[in-house]
Number of protein chains: 2
Amino acid sequence: MRPTTRDLARAAGVSLATVDRVLNGRPNVSEKAMRQVSEAIERIGFVRNLAAANLARSTTYRLRFILPQAGDQYLAEIMEEIRVVNDALKSEMVSAEIVQMAIEDPYLVASYLAAIDPRRVEGVAIMAPESPQVRDALKRLVERGVHVVNFLSGSQQAPGIEFVGIDNYAAGATAARLVGRFCRKERGSIMVIAETMRAQDSSQRRLGFDDVINRDFPHLSVLPSLETHSDMERTRRIIARTLEYNRDVVGLYVLSSEARAPISCAAEFISLNDIIVIAHERTPFSVEGLKSGAIDAVIAQNPGHAVRSAVRLLRARIDGRSVLKSQDQLRIEILLKDNL
Amino acid sequence: MRPTTRDLARAAGVSLATVDRVLNGRPNVSEKAMRQVSEAIERIGFVRNLAAANLARSTTYRLRFILPQAGDQYLAEIMEEIRVVNDALKSEMVSAEIVQMAIEDPYLVASYLAAIDPRRVEGVAIMAPESPQVRDALKRLVERGVHVVNFLSGSQQAPGIEFVGIDNYAAGATAARLVGRFCRKERGSIMVIAETMRAQDSSQRRLGFDDVINRDFPHLSVLPSLETHSDMERTRRIIARTLEYNRDVVGLYVLSSEARAPISCAAEFISLNDIIVIAHERTPFSVEGLKSGAIDAVIAQNPGHAVRSAVRLLRARIDGRSVLKSQDQLRIEILLKDNL
DNA sequence: AAAAAATTGAGGTACGTACCTCATTAGCAG
DNA sequence: CTGCTAATGAGGTACGTACCTCAATTTTTT
């Protein structure tokens with residue numbers, strides 16, 4: 001059988017109480033006792049039984065996902081995945097609540113974060129653009145003992161706050177490589193559309209996209225980014241104008257995670273089958289586009305993986321464990337019509 | 001607080017013993033009691049605390065991965081991932097042992113399976129080609145109460161035995177789509193190399209590959225599959241001969257998971273930068289090839305995901321739980337130099 | 001109506017760890 | 001040496017569920 005704390009105490013030549021003091025970092029333990037226990041742990045290969053430990057201290061993992069209010073299909077997918085995880089992990093004392101708010105308002109978000117009660121919430125996953133207000137509020141939240149991850153957006157490396165998501169520079173570079181290799185025309189320009197370039201993810205993607213096109217596909221040129229601001233009328237207008245002034249458009253790259261509106265608009269003015277179209281995220285719309293040939297490739301970060309990754313990370317932090325970093329490295333997926 | 005079995009008993013108006021009988025499917029329970037308990041479960045939202053349950057019945061998850069002896073880098077990656085999982089899940093009573101054997105010998109494998117003691121092993125993940133002997137041995141193993149998954153190979157739908165791995169037909173189709181779209185030449189033929197076409201995964205991939213090329217890229221033609229049988233000399237010889245008789249080769253597709261030998265051989269006779277090269281699985285070799293440009297794309301099934309998926313599946317079966325099917329759907333990953 | 005069988009309840013112990021109290025001992029300063 | 005504090009041990013309870021026994025009750029069969 002596996003060694004228990006009792007076996008460990010015997011092997012270390014100390015009492016159960018001392019083992020407990022060492023294992024849980026309680027005060028009043030001599031150097032010597034500490035050494036004896038650590039040595040015995042190695043020697044007999046003791047591993048704490050997490051289930052029993054959590055049972056004893058009746059740990060709960062009450063997590064909260066803070067998400068935007070606005071959003072189309074991709075946001076819906078994410079929320080669905082959160083609900084699935086919430087159901088599936090009930091028996092392991094995990095609950096994952098969703099809270100939606102006007103995430104673009106830093107003051108609102110910061111005040112919400114300030115009001116979180118550490119006795120009622122152990123972990124927070126937040127999908128918010130970076131801003132000084134939010135950054136500070138998160139820092140204070142961490143200080144109050146709540147674990148936090150930046151979820152698919154925000155800073156990739158804030159101190160004490162982990163990031164779950166893909167490398168957006170690399171995602172843009174991948175999109176560029178696909179455009180370049182798929183494109184059969186010798187010359188031409190590529191239209192780029194985003195919701196707003198103020199979001200870090202979009203600007204990172206654009207950077208990666210430009211770098212690869214300029215370096216490896218110099219015969220192609222990239223047009224200035226068009227910003228839709230989620231406004232259909234505006235979107236239609238700027239696309240029409242861009243196509244009018246650029247007769248040599250051979251590709252379309254949609255930076256944002258919600259591609260439905262911009263691609264639908266573009267389809268009104270140009271035949272998507274004649275140009276290379278690359279979008280982000282798997283949604284009912286993008287899947288349909290891949291199948292029909294309107295979209296040539298989709299760069300995706302799996303929302304299910306992302307959600308589970310965030311939950312795993314927060315759970316590990318709450319347990320004071322470290323995590324398998326490899327598992328939580330989100331992959332940049334490339335979807336074609338054949339590998340849906 | 002969360003309702004416990006005690007609360008459930010009170011809510012159902014029965015004793016704790018009866019609740020236990022219902023929850024654990026023990027005999028001697030009246031229809032009525034059963035109904036009362038089920039109804040109360042719904043009403044108060046009772047969810048069994050898995051940690052406590054497993055503690056009480058002192059469940060262990062002793063898993064065994066049965067792998068081939070032969071194999072190059074991909075097999076090494078898989079074994080490394082198994083070791084990582086083994087370490088990481090020690091505290092959750094999971095152990096994952098690796099056993100290697102001459103997996104191509106159905107009689108050997110079958111006799112090994114027959115000798116497995118159900119009291120010492122709860123689950124088995126096996127990476128073996130399908131054969132009547134192995135199929136029967138697995139069936140008997142399941143009957144003896146051991147849970148089994150086919151791991152990255154074998155039948156995709158045997159009764160009572162789950163499959164963890166990608167859809168190989170779709171993987172081949174994806175490879176074909178990439179070759180077709182990457183290829184700038186108007187006409188040409190594609191060389192296909194496998195270790196052996198008797199393995200189901202290879203033949204499935206070939207099928208998918210042919211279907212897409214024939215349907216969507218009729219200007220390309222696919223040469224008959226070359227079989228290396230893991231023999232370097234033979235590999236070199238057949239590649240040389242094929243290239244000699246087919247001056248119009250524009251692409252190379254390596255079906256097997258270990259691409260190092262065939263691609264190295266091919267490089268001796270043709271400049272890989274001039275043709276489209278597609279391989280399977282992420283290995284140090286294939287990553288290097290992507291970076292250098294020798295390989296244009298890699299179709300991969302993430303070994304870490306595969307291992308964890310198999311472990312999750314087996315654990316769930318041992319607990320008598322159902323699993324989130326979406327999570328264990330292995331993705332067909334496409335790797336370019338930018339999204340490694 | 002009696003006997004047999006099925007159902008139910010009461011009460012206990014166990015799993016491995018956390019955390020508490022209290023008594024005792026060791027070590028050290030004055 | 002005394003007094004004080006730090007260190008240690010002994011022993012307990014708790015967490016929520018599983019699983020056991022045995023007696024009491026109800027239902028079914030004869």
Side-chain angles (χ1 to χ4, degrees), chain A residues 1-38 40-41 44-61 89-95 318-321, chain B residues 1-38 40-41 44-62 89-95 122 318-321:
Chain A
M1 277 312 277
R2 249 170 78 136
T4 69
T5 40
R6 224 166 287 278
D7 302 323
L8 179 56
R10 205 173 320 116
V14 299
S15 72
L16 206 60
T18 300
V19 164
D20 177 64
R21 292 187 181 103
V22 173
L23 285 182
N24 297 295
R26 291 182 224 288
N28 296 334
V29 189
S30 65
E31 277 288 333
K32 179 159 153 273
M34 202 103 125
R35 255 188 301 104
Q36 285 175 317
V37 172
S38 320
I41 289 178
I44 69 173
F46 171 82
V47 181
R48 205 206 222 86
N49 182 333
L50 244 188
N54 285 345
L55 177 61
R57 58 160 83 93
S58 47
T59 345
T60 56
Y61 307 88
L89 269 48
K90 265 209 197 95
S91 61
E92 304 182 32
M93 314 302 285
V94 174
S95 77
I318 293 165
D319 288 340
R321 280 182 295 144
Chain B
M1 279 310 281
R2 248 170 81 138
T4 70
T5 41
R6 221 166 290 276
D7 302 324
L8 180 56
R10 204 170 324 115
V14 300
S15 71
L16 206 60
T18 299
V19 163
D20 177 65
R21 292 185 180 103
V22 173
L23 285 182
N24 296 294
R26 294 181 220 288
N28 295 334
V29 187
S30 66
E31 277 288 334
K32 177 158 155 275
M34 201 100 120
R35 253 188 303 102
Q36 284 174 318
V37 172
S38 321
I41 288 179
I44 68 173
F46 172 81
V47 181
R48 204 205 224 87
N49 180 334
L50 243 189
N54 285 344
L55 178 61
R57 56 159 82 94
S58 49
T59 344
T60 57
Y61 307 88
R62 286 162 300 184
L89 297 177
K90 267 209 194 94
S91 61
E92 303 182 32
M93 313 303 285
V94 174
S95 77
E122 279 86 23
I318 293 166
D319 288 341
R321 279 182 297 143

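Letters go in sequence order (proteins before strands), and every chain restarts at 1.
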Close side-chain approach of [X] and [Y], heavy atoms under 4.5 Å:
X	Y	result
A/Asn54	A/Met93	no
A/Phe46	A/Val19	no
A/Val37	A/Val14	yes
A/Asp7	A/Met1	no
B/Asn24	B/Arg48	yes

Provide, to the nearest angstrom, the distance between the [atom1] atom belonging to [X] and the [atom2] atom belonging to [N].
X	N	atom1	atom2	value
B/Asn54	C/dC15	CG	C1'	11 Å
A/Asp7	C/dG16	CG	C1'	11 Å
A/Leu55	D/dT17	CG	P	9 Å
B/Arg35	C/dT8	CZ	C1'	16 Å
A/Arg2	C/dC15	CZ	C1'	13 Å
A/Met1	C/dT17	CE	P	11 Å
A/Glu92	D/dG16	CD	C1'	15 Å
B/Arg57	D/dG16	CZ	P	17 Å

*Check every atom of C/dT17, D/dG16, D/dT17 against the side chain of B/Arg6 and return the nucleotide holding the closest atom.*
D/dT17

*asked:* Nearest to the B/Asn49 side chain among C/dA18, D/dT17, C/dG16, which nucleotide is it?
replied: D/dT17

*asked:* Please give me the minimum heavy-atom distance between B/Arg2 and B/Val47, naming the atom from each residue.
replied: NH2-O, 3.2 Å

With heavy atoms under 4.0 Å as the rule, sort [X] into base, sugar-phosphate or nothing.
X	result
B/Ser58	nothing
A/Arg48	sugar-phosphate
B/Asn24	sugar-phosphate

*Step by step, would you call A/Gln36 with A/Thr18 a side-chain contact (heavy atoms from CB on, under 4.5 Å)?*
CA-CA 10 Å; A/Gln36 285 175 317; A/Thr18 300; over 6 Å; no

*Taking protein heavy atoms under 4.0 Å as touching, what does nucleotides 5-11 of chain D look like 5' to 3' if B marks base contact, S marks sugar-phosphate-only contact and - marks none?*
-SSBBB-

